[in-house]
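The structure is given below, and queries will be raised subsequently.
Lettering follows sequence order; numbering is per chain, from 1.
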Protein chains: 2
Amino acid sequence: MGSTTTASSATARRSATAAVVPVECTVTPLLDVAFSRWTTPVLWTLNEFGRQRFVELERRLGGITPKVLTQRLRQLERDGLVIRTYHPEVPPRVEYEISELGRTLGPLFATMAAWAQEHIGEVEAARVVYDEDGRPGP
Amino acid sequence: MGSTTTASSATARRSATAAVVPVECTVTPLLDVAFSRWTTPVLWTLNEFGRQRFVELERRLGGITPKVLTQRLRQLERDGLVIRTYHPEVPPRVEYEISELGRTLGPLFATMAAWAQEHIGEVEAARVVYDEDGRPGP
DNA sequence: CAGTATCCAGATTGATACTG
DNA sequence: CAGTATCAATCTGGATACTG
């Protein structure tokens, strides 16, 4: 994408009242379903470790409460990203696995993890500089 | 990270007390810097429309308040993803642009937007099914 | 224009129980 | 085990008004 500096209309004003109109971010829909508060770690864990039970998820996610885990799981199930399987036994057993749709996010996770590994150092360095020198202009 | 399904100890229990240990999600660091609440739309807009002033961002983002926009901008600037340029004129003029580091997120945005465009319909369909039939197991 | 200062409403989380 | 139910503590985020 990215025709930088779109030519817009022929006689478009340059800077004054340059017809700046609201545009919707095209990635937002994905953010809502897969990158909200706890959804990413849940999906990521499911994608990495395969089918697992409620407690396994709870432990691996480290620090999530059952209430919140249930909420996220329900949302992901409703959105078709996660499949819940109930086994009527005693004690009850429920397994969660990522759906085929959810699995299509795998490459994205990989790319994101790679970005983090490669660039997070730069981010931290930038913070140090910013906190030392402060912002230049008023 | 990395070694999926670590063999752990030789005589590792299989399912009973299968040494389920907390693992940290490798994409979380990126989420914190670029995919928090308003950060993505801001970065995306900057990436799509190039260098622009505060009000332009404010208008294009549609509905964000100056306070919140300032907060996100400051965070992004601190993290080295956005560059702020102050022009000492009257009236004051400040321009924001995405940094080179921030620009490395471009392909990621493109991939995410593509995913949304391709699969969001399946998500919505899954919701309809779920809301009609409800979840199968108790 | 480019913010900053307040105050407030709503959403998310966390900690703690308590069932089937 | 696999949740659900509550209540309290946060934490953004929104609306509004006000400077340099």
Side-chain angles (χ1 to χ4, degrees), chain A residues 13-18 20 22 25 28 31-33 35-42 46 51-78 82-97 134-138, chain B residues 13 15-18 20 22 28 31-33 35-42 46 51-78 82-97 134-138:
Chain A
R13 303 268 210 269
R14 296 235 296 231
S15 56
T17 331
V20 177
C25 172
T28 297
L31 296 185
D32 292 337
V33 305
F35 296 97
S36 297
R37 211 55 179 179
W38 270 104
T39 50
T40 314
V42 171
L46 247 19
R51 182 171 55 244
Q52 49 200 300
R53 307 175 64 164
F54 190 87
V55 279
E56 294 183 273
L57 273 169
E58 191 176 354
R59 285 172 191 153
R60 266 197 260 263
L61 288 168
I64 193 174
T65 59
K67 189 191 75 173
V68 174
L69 179 54
T70 301
Q71 289 175 345
R72 295 304 116 208
L73 247 14
R74 285 284 179 278
Q75 176 197 325
L76 292 169
E77 187 192 358
R78 190 173 100 103
V82 162
I83 297 172
R84 175 180 181 270
T85 309
Y86 176 80
H87 302 273
E89 309 169 358
V90 286
R93 186 161 60 92
V94 176
E95 290 182 312
Y96 291 93
E97 64 185 312
R135 54 193 171 292
Chain B
R13 304 265 209 269
S15 57
T17 334
V20 176
T28 298
L31 297 185
D32 293 337
V33 305
F35 296 98
S36 297
R37 208 57 181 179
W38 270 103
T39 50
T40 313
V42 171
L46 248 19
R51 180 171 57 247
Q52 49 200 298
R53 308 175 62 163
F54 189 87
V55 278
E56 293 182 275
L57 274 170
E58 191 176 354
R59 286 174 191 151
R60 266 197 260 264
L61 288 168
I64 193 174
T65 60
K67 189 193 75 172
V68 174
L69 179 54
T70 302
Q71 289 175 344
R72 295 304 116 210
L73 246 15
R74 284 285 180 277
Q75 176 198 324
L76 292 168
E77 187 191 359
R78 191 173 99 104
V82 161
I83 298 172
R84 175 178 180 273
T85 309
Y86 177 80
H87 302 271
E89 311 168 357
V90 284
R93 186 161 61 92
V94 177
E95 290 183 312
Y96 291 92
E97 65 185 311
R135 55 192 171 291

Exercise. Start at the 5' end of DNA chain D and walk down; is the nucleotide closest to B:W38 or to A:E95 reached first?
Worked result: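 Upstream on the strand: A:E95.
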Exercise. Which whole-number value in Å describes the distance from B:E77 CD to C:dG3 C1'?
Worked result: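 Going from CD in B:E77 over to C1' in C:dG3 covers 13 Å.
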Exercise. Applying the side chain to side chain donor-acceptor pair (under 3.5 Å) test to B:E95, which of B:R84, B:R53, B:H87 qualifies?
Worked result: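 When B:R84, B:R53, B:H87 are each tested with B:E95, the side chain to side chain donor-acceptor pair (under 3.5 Å) holds only for B:H87.
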Exercise. To the nearest Å, how far apart are B:L57 CG and C:dC1 P?
Worked result: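 Going from B:L57 (CG) to C:dC1 (P), I get 14 Å.
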Exercise. More than 12 foreign heavy atoms under 6.0 Å from CZ of A:R93: is that the case here?
Worked result: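 Yes - once you tally the heavy atoms of other residues, nucleotides and ligands closer than 6.0 Å, there are more than 12.
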For this session: If C:dG3 has a Watson-Crick or G-U wobble mate with both distances under 3.5 Å, name it; if not, just say none.
Result: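 D:dC18 is the nucleotide pairing with C:dG3.
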For this session: Check the distance between C:dC1's P and B:L69's CG and give it to me in whole angstrom.
Result: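 In whole Å, C:dC1 P and B:L69 CG are 14 Å from each other.
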Exercise. Over how many whole Å does the gap from A:E58 atom CD to D:dT4 atom C1' extend?
Worked result: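 Result: 13 Å.
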For this session: Only one of B:E97, B:R59, B:R60 passes side chain to side chain contact (heavy atoms under 4.5 Å, CB included) with B:Q52; say which it is.
Result: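 Among the candidates, only B:R60 passes.
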Exercise. Which of the following nucleotides, C:dC1, C:dT4, D:dG3, is nearest to the side chain of B:R74?
Worked result: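 The closest nucleotide is C:dT4.
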Exercise. Just to confirm, is there a sub-4.0 Å distance from OP1 or OP2 of D:dA2 to any side-chain nitrogen or oxygen of A:R53?
Worked result: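 A:R53 to D:dA2 OP1/OP2: side-chain N or O found under 4.0 Å.
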Problem set entry | d(CD1, A:I64; C1', D:dA2) in whole Å |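 Nearest whole value for this atom pair: 14 Å.
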For this session: In whole angstrom, give the distance that lies between atom CD of A:E56 and atom P of D:dC1.
Result: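 Atom CD in A:E56 sits about 11 Å away from atom P in D:dC1.
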Exercise. Mapping B:R72 and A:P66 to their closest nucleotides on DNA chain D, which lands nearer the 5' end?
Worked result: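 Counting from the 5' end, the first nearest nucleotide belongs to A:P66.
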Problem set entry | Side-chain N or O of B:R59 closer than 4.0 Å to phosphate OP1/OP2 of C:dA2 |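 Negative; the distance criterion is not met.
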For this session: Return the value, rounded to whole Å, for the distance between atom CZ of A:F35 and atom C1' of C:dT12.
Result: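 About 20 Å, once rounded to whole Å.
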Exercise. Is any side-chain nitrogen or oxygen of B:Y86 closer than 4.0 Å to OP1 or OP2 of D:dG20?
Worked result: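 Checking D:dG20 against B:Y86, no side-chain N or O comes under 4.0 Å of OP1 or OP2.
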Exercise. So, B:Q75 versus B:R78: side-chain donor-acceptor pair below 3.5 Å or not?
Worked result: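 Result is no, nothing qualifies.
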Problem set entry | Any B:R93 side-chain nitrogen or oxygen under 4.0 Å from OP1 or OP2 of C:dG3 |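 False: B:R93 side-chain N/O out of range (4.0 Å or more) of C:dG3 OP1/OP2.
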Exercise. Cut-off 3.5 Å, side chains only: do B:R74 and B:Q71 have a donor facing an acceptor?
Worked result: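 No pair is found: no donor N or O on one side chain lies under 3.5 Å from an acceptor on the other.
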Exercise. For the pair made of CD in A:Q75 and C1' in C:dT12, what is the distance, rounded to whole Å?
Worked result: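 After rounding, the gap between these two atoms is 12 Å.
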Exercise. Has the side chain of B:K67 got a donor or acceptor that lies under 3.5 Å from a partner of the other kind on the base of C:dG3?
Worked result: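 Result: no qualifying N/O pair found.
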Problem set entry | Toward the 5' end of DNA chain C, by each residue's nearest nucleotide, A:S36 or B:V94 |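 Per heavy-atom nearest nucleotide, the more 5' residue is B:V94.
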